[in-house]
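Please read the structure below before turning to the comments.
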Amino acid sequence: MTTIGFVGLGNMGAPMARNLLKAGHVIAVYDVSTDAMERLEGVRMATSAADAARGAAFVVTMLPAGRHVREAVLGPSGVAGATDTGTILIDCSTIDVATAREIAAGAGRPFLDAPVSGGVMGAEAGTLTFMVGGPADAFACAEPILRCMGKTVVHCGDAGAGQAAKACNNMLLAISMIGTCEAFVLAEKLGLSHEALFDVASKSSGQCWSLTTYCPVPGPVPGSPANRDYKPGFTAELMVKDLGLAQEAATANGASTPMGARALELYRDFLAQGGEGSDFSGIIRLLRGGVNGAGD
Ligand code: NAD
C-alpha cells in the first residue's frame with residue numbers, strides 16, 4: 001500500500017485513479033473541478049495540487065497541456081514545493097517534449113514523463129501503454145505503480161523520451177490512418193468492395209494497425225468506431241493536438257516531416273468541416289468529399 005497524490009481527474013485521470021484505488025493504494029486527489037473530485041469515492045479530496053502531494057511517495061498528473069503541468073508541478077501551489085526530494089513525480093499527460101524536459105530539470109525530485117496510449121477504454125480497463133522518459137532508478141520504482149493502470153510499460157530513455165515516443169507514434173498513426181482511408185476511397189471509386197480490399201491488404205504489404213485493428217469502414221473489424229458512426233475512441237481534436245506537438249518538435253529539432261505536416265492540415269480541415277467529437281478515423285468522410293453525412 002502506497003500513498004499517491006493524483007492531479008487531474010478527467011476522462012483519463014478518473015479511471016486511472018480508480019485503478020490505483022482498486023490495487024489498494026491510498027489516494028489523495030486534486031482537480032480544479034470539485035465535481036470531478038466528488039465523482040471519485042474512497043479518496044481524500046485535496047484543496048490544491050500541493051495538498052494532494054503532501055506525504056505521497058508518488059504524485060501522478062493527468063492534465064490537458066504543458067502549461068497545466070508546469071503550474072501543477074512548479075507553481076506556487078504545486079507538488080514540487082510540497083514533497084520531499086525522494087517523491088517521484090509521474091506526468092501521464094501528453095505535452096510537448098521541451099516543456100517535459102524543462103519541468104524535469106526544475107522539479108528538484110525525480111520526474112518521469114509517462115504519456116499513454118490506449119484512450120479512455122484502456123484507462124478504464126487498466127490496459128494502457130506507458131512510454132516513459134526519465135532516470136532509470138525512478139522508472140524502476142514507478143513501474144509497479146504504472147502497472148496498476150497499464151499493461152505495457154516501456155522505458156524510452158532520459159527526460160522527454162516518453163513524450164518524444166508519443167509524438168512519433170501518433171504522427172505515424174495519423175499518416176497511416178489517412179493512407180488507409182485513401183485506399184478505401186480509391187477502392188470505392190474503382191468498384192472494389194471494402195471486404196476485398198481488406199482481405200488483400202490485411203494479408204499483404206499494406207497491412208497496418210489502422211487497417212486491421214481500427215478499420216475506418218464498417219464491416220471488416222466489427223469493434224472499430226466506423227461501426228458506430230465514428231463515435232470515439234480517440235477524437236479528431238486529440239489527434240490535432242498530438243500532430244501539433246509532433247510538428248512543434250520537428251520544427252524545433254530540424255526534422256523533415258512533410259507527411260506529418262500534411263496530416264495536421266487534413267485533420268484541421270476535418271475539424272473545420274464538422275468533424276468535432278468524431279473519432280479520428282472519421283476523416284474518411286472528408287476524403288470522400290463531405291463530413292456531415294455527405295461523404296458516407
Ligand atoms: P480532460 O479534459 O477530460 O481532463 C483534464 C482534467 O484536468 C479535467 O478534469 C480538468 O478539470 C483538470 N484540470 C485542468 N487544469 C487543472 C489544474 N491546473 N489542476 C488540476 N486539475 C486541472 O482530459 P483527458 O481526456 O483526461 O486527457 C488528459 C491528458 O491525457 C491530455 O494530455 C490528453 O492529451 C492525454 N490523452 C488523452 C486520451 C483520451 O483518449 N482522452 C488518450 C491519450 C492521452
Measure the [atom1]-[atom2] distance between [X] and [Y] for me, rounded to the nearest 0.5 Å.
X    : Y    : atom1 : atom2 : result
L128 : R147 : CG    : CZ    : 12.5 Å
K166 : C156 : NZ    : SG    : 12.0 Å
L266 : I283 : CG    : CD1   : 5.5 Å
M177 : S281 : CE    : OG    : 5.0 Å
T61  : E71  : OG1   : CD    : 12.5 Å
C92  : L112 : SG    : CG    : 9.0 Å

Give a yes or no on this: more than 12 heavy atoms of other residues, nucleotides or ligands lie within 6.0 Å of atom [atom1] of [X].
X    : atom1 : answer
R67  : CZ    : no
M121 : CE    : no
D158 : CG    : no

Next item on the list: Find out if a path of hydrophobic residues (ILVMFWY) with successive side-chain heavy-atom gaps under 4.5 Å connects V116 to M131.
Entry: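 No, V116 does not connect to M131 through the hydrophobic network.
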Closest non-hydrogen atom pair, [X] against [Y]:
X    : Y    : answer
L197 : A187 : CD2-CB, 4.0 Å
V221 : L211 : CG2-O, 3.8 Å
N19  : A123 : ND2-O, 2.8 Å
D51  : T47  : OD2-N, 2.8 Å
P110 : T87  : CD-O, 3.5 Å
Y214 : G233 : OH-CA, 3.5 Å

Next item on the list: Please write out which residues are connected to L186 in a hydrophobic cluster, directly or through intermediates, given that two of Ile, Leu, Val, Met, Phe, Trp, Tyr count as joined at side-chain heavy-atom separations below 4.5 angstrom.
Entry: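 Joined to L186, directly or through intermediates: L190.
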Check: Which ILVMFWY residues are connected to V26, directly or by a chain of links, through side-chain heavy atoms under 4.5 Å apart?
Finding: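 M1, all in the cluster of V26.
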Ring pair (Phe, Tyr, Trp, His ring centres under 6.0 Å) partners of [X], counting only residues at least two apart:
X    : answer
F184 : H194
F139 : H155
H68  : none

Check: Excluding sequence neighbours, so at least two apart, what forms side chain to side chain donor-acceptor pair (under 3.5 Å) with R70?
Finding: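 Listed in chain order: E102.
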Next item on the list: Using side chain to side chain donor-acceptor pair (under 3.5 Å) as the criterion, list what pairs up with D242, not counting sequence neighbours.
Entry: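 For D242 the side chain to side chain donor-acceptor pair (under 3.5 Å) partners, ignoring immediate neighbours, are N170.
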Which atom pairs, donor and acceptor, lie under 3.5 Å between side-chain atoms of residues 3-14 and protein residues at least two apart or in another chain?
none

Note to self: Run the side-chain contact (heavy atoms from CB on, under 4.5 Å) test against V32 and tell me which residues pass, sequence neighbours left out.
What the structure shows: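 Listed in chain order: Y30.
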Item checked: Contacts of A164 that satisfy side-chain contact (heavy atoms from CB on, under 4.5 Å) - sequence neighbours left out ->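 Partners of A164 under the side-chain contact (heavy atoms from CB on, under 4.5 Å) test: V97.
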Margin query: Check R288 with E188, please: is the shortest side-chain N to carboxylate O separation under 4.0 Å?
Written below: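 R288 and E188: salt-bridged.
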Check: Tell me, which pairs form a side-chain hydrogen bond (donor to acceptor under 3.5 Å, both in side chains) where one or both residues lie in residues 174-187, sequence neighbours left out?
Finding: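 Counting only pairs at least two positions apart or across chains, the side-chain hydrogen bond (donor to acceptor under 3.5 Å, both in side chains) contacts touching residues 174-187 are S176-S210.
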Check: Can you list the residues that meet the salt bridge (Lys or Arg N to Asp or Glu O under 4.0 Å) rule with E265, with sequence neighbours excluded?
Finding: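 In terms of salt bridge (Lys or Arg N to Asp or Glu O under 4.0 Å), with neighbours along the sequence ignored, E265 is linked to R262.
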Check: Given side chains that start at C-beta, do those of I145 and H25 come closer than 4.5 Å, heavy atoms only?
Finding: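 When only atoms from C-beta onward are counted, H25 and I145 do touch, with a gap below 4.5 Å.
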Next item on the list: State, with a plain yes or no, whether a side-chain heavy atom of M239 is found less than 4.5 Å away from one of L173.
Entry: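 In short, these two side chains touch, coming nearer than 4.5 Å.
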Notebook entry, point to check: So, do F280 and Y230 have ring centers that fall under 6.0 Å from each other?
Noted result: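 No; Y230 has its ring centre 6.0 Å or more from that of F280.
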